[in-house]
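For reference, the structure is listed below as structure tokens.
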Amino acid sequence: MPELPEVEVVRRGLEAHVTDRELAAVDVLHARAVRRHVAGAGDLSDRLAGRVLRRPQRRGKYLWVPLDSLEGPGEALVVHLGMSGQLLVQDPAAPDERHLRVRLRFADGGPELRFVDQRTFGGVALVPTGADGVPVIVEHIARDLLDPLEDDAAVARALRAKRTQLKRALLDQTLVSGIGNIYADEALWRAQLHWARPTDRLSRGDALAVLGAAREVMVEALDQGGTSFDALYVNVNGQSGYFDRSLAAYGQEGRPCPRCGTLVVRDPFMGRSSFSCPHCQRPPRGWRREVPARARESVRG
DNA sequence: ACGCATACCTGAGTGC
DNA sequence: TGCACTCAGGTATGCG
């Protein structure tokens, strides 16, 4: 699933392939893919034709391509990959992908850009940008851990001021952005902190440690082209990353912890999963592992 | 104001 | 063979 490193891989691919190219026509093949563009699919296509794409930018998991401004305030083409979105640079003659949602054709007749998204949680929109060049629908997203202006001390302070579980806070994109389920579990494993730790009882040192660990694991993942488990995440050339071979905790239930050898466990978390080492990541006082309903039944029977 | 559950989606996998 | 169900999970929204 695309988190910060995967989105950055895509951004770099876009930078190499679409910067300074003029759009000729945009075809919207699925209305849900443009639901965040309030004025509708027709408006999006009309307003993009003839515009020139500038250098792609990113904050957290949001990606945007600034457009040459005609007059007044700037605009950008904002893309969020959601859970299964892909941006592919394709030969215009290549057959349509099964889940092709938006096609962007260029005036130079060269490779086109395709937004492909199986689960349609992602989407594209043409949005005005604020004073700092950030699209208005991205302004509520906090700076991410690869942003030179991100302030670890300030984030650690805000994190400790919250009354929630540590992993919930790490996934809160308004606190610090770019972290999803995979990198949250990996960062917690590296910092040797349990996902259910209450944020208001976390030391300043532990808060800084988990942020540092998250940055470190994302940088390493970026170096390997991102994480992927299947064909759902790919770069603009349709290739997968390799970081899944380096995961210590995420998806590793029943496998030995690379640090101590204890078997990694999976816990239900927000209707999903958290993976951790029960030895290295001690749960907070009073926390009890939830027993799955099916296991309870078989014990009873 | 804030924390939290929920809706939105499709395809793969599993159990009966 | 097929049906019902579960799981994957990022974000916006609305509730208490």
Side-chain angles (χ1 to χ4, degrees), chain A residues 1-8 10 29-38 58-64 78-87 97-102 115-125 127 135-142 144 158-187 195-202 214 218 226-234 240 244 247 249-254 266-275 290 292-298 301:
Chain A
M1 314 304 148
E3 299 181 29
L4 186 151
E6 293 74 38
V7 179
E8 176 59 17
V10 171
L29 292 92
H30 194 296
R32 194 175 145 75
V34 297
R35 68 191 179 285
R36 311 246 296 271
H37 186 82
V38 270
R58 182 190 54 72
R59 176 177 284 189
K61 304 170 199 172
Y62 274 89
L63 197 58
W64 68 91
V78 177
V79 181
H80 197 292
L81 301 177
M83 290 181 22
S84 55
Q86 306 175 349
L87 280 171
E97 289 74 12
R98 178 162 178 197
H99 301 293
L100 177 63
R101 309 304 189 195
V102 182
F115 179 69
V116 176
D117 188 10
Q118 177 203 104
R119 297 178 199 170
T120 69
F121 276 35
V124 305
V127 171
V136 292
I137 61 169
V138 186
E139 283 178 330
H140 68 292
I141 300 294
D144 60 62
L159 184 111
R160 296 173 68 215
K162 290 180 85 72
R163 295 182 53 85
T164 190
Q165 293 175 332
L166 178 53
K167 184 169 170 182
R168 281 182 181 276
L170 292 176
L171 296 176
D172 180 352
Q173 306 296 305
T174 67
L175 190 66
V176 62
S177 69
I179 304 174
N181 207 33
I182 298 170
Y183 295 110
D185 279 3
E186 292 302 304
W195 57 267
R197 285 280 297 270
T199 45
D200 57 350
R201 272 180 274 161
L202 207 62
M218 290 196 290
T227 301
S228 66
F229 304 97
D230 47 41
L232 281 187
Y233 158 69
V234 293
S240 294
D244 53 317
L247 295 175
Y250 185 84
Q252 307 301 306
E253 182 181 19
R266 181 173 74 91
D267 293 310
F269 169 79
M270 294 172 76
R272 288 158 194 150
S273 299
S274 263
F275 298 90
E290 209 175 294
R294 234 172 287 138
R296 276 203 302 271
E297 277 164 32
S298 62

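These values consider heavy atoms only, across backbone and side chains, with no hydrogens, waters or symmetry-generated copies. Each chain gets a letter, A, B and so on, in the order its sequence line appears, and its residues count up from 1.
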Could you work out, with side chain to side chain contact (heavy atoms under 4.5 Å, CB included) as the rule, every residue matching A/Arg266, not counting sequence neighbours? A/Glu253, A/Ser273, A/Phe275
Who passes side chain to side chain contact (heavy atoms under 4.5 Å, CB included) against A/Ala196, sequence neighbours left out? A/Gln165, A/His194, A/Pro284, A/Trp287
Answer with base, sugar-phosphate or nothing: what part of the nucleic acid does A/Phe269 contact at a heavy-atom distance below 4.0 Å? nothing
Nearest whole Å is fine: how far is C/dT11 C1' from A/Leu63 CG? 16 Å
Who pairs with A/Gln173 by side-chain hydrogen bond (donor to acceptor under 3.5 Å, both in side chains), at least two apart in sequence or on another chain? none
Might you list the N or O atoms of the protein lying below 3.5 Å from N or O atoms in nucleotides 11-13 of chain B, with each pair's distance?
unit_1	atom_1	unit_2	atom_2	d
B/dG11	OP1	A/Arg98	NH2	3.3
B/dG11	OP1	A/His99	NE2	3.2
B/dG11	O4'	A/Gln118	OE1	3.4

Under 4.0 angstrom between A/His140 side-chain N/O and C/dA12 OP1 or OP2: yes
Please report the distance, rounded to the nearest Å, between CZ in A/Phe115 and C1' in B/dC9. 12 Å
Among residues at least two apart in sequence or on other chains, which ones pass side-chain hydrogen bond (donor to acceptor under 3.5 Å, both in side chains) with A/Trp195? A/Asp267
Under the side chain to side chain contact (heavy atoms under 4.5 Å, CB included) test, residues paired with A/Val38 that sit two or more places apart: none
Whole-Å distance, A/Arg101 CZ to B/dT10 C1', equals 9 Å
From CZ of A/Arg35 across to P of B/dC9 the rounded distance in Å is 8 Å
Write down the atom of A/Leu159, the atom of A/Thr199, and the distance for their closest heavy-atom approach. O-CB, 3.2 Å
Whole-Å distance between C/dT11 C1' and A/Leu171 CG? 12 Å
Closest non-hydrogen atom pair, A/Gln118 against A/Arg101: O-NH2, 3.2 Å
Sequence-distant partners of A/Glu8, side chain to side chain contact (heavy atoms under 4.5 Å, CB included), two or more places apart: A/Arg11, A/Arg12, A/Arg58, A/Leu222
Within less than 4.0 Å of OP1 or OP2 of C/dA12, is there a side-chain N or O belonging to A/Tyr62? yes
Locate the shortest heavy-atom distance separating A/Ser177 from A/Gly60; write the atom from each residue and the value. OG-CA, 3.2 Å
Of all residues at least two apart in sequence or in a different chain, which pass the side-chain hydrogen bond (donor to acceptor under 3.5 Å, both in side chains) check with A/Lys167? A/Asn181, A/Asp185, A/Ser274
Overall bend - the helix from B/dC2-C/dG16 to B/dC16-C/dG2, comparing terminal axes fitted on five pairs, nearest 10 degrees: 60°
Just how far, in rounded Å, is P of C/dT11 from CG of A/Leu81? 10 Å
How many whole angstroms separate atom CG of A/Asp117 from atom P of C/dT11? 13 Å
Ignoring backbone atoms, establish whether A/Ser84 has a side-chain N or O less than 4.0 Å from OP1 or OP2 of B/dT10. no
Quick one: salt bridge (charged side-chain N to carboxylate O under 4.0 Å, His left out) partners of A/Arg160, sequence neighbours excluded? none
With sequence neighbours left out, what residues match A/Arg163 under salt bridge (charged side-chain N to carboxylate O under 4.0 Å, His left out)? A/Asp200
Across nucleotides 3-8 of chain B, 5' to 3', mark each nucleotide with B, S or - according to how protein heavy atoms within less than 4.0 Å reach it. SSS--B
Rounded interatomic separation in angstrom, taking CG from A/Asp185 and P from C/dA8: 11 Å
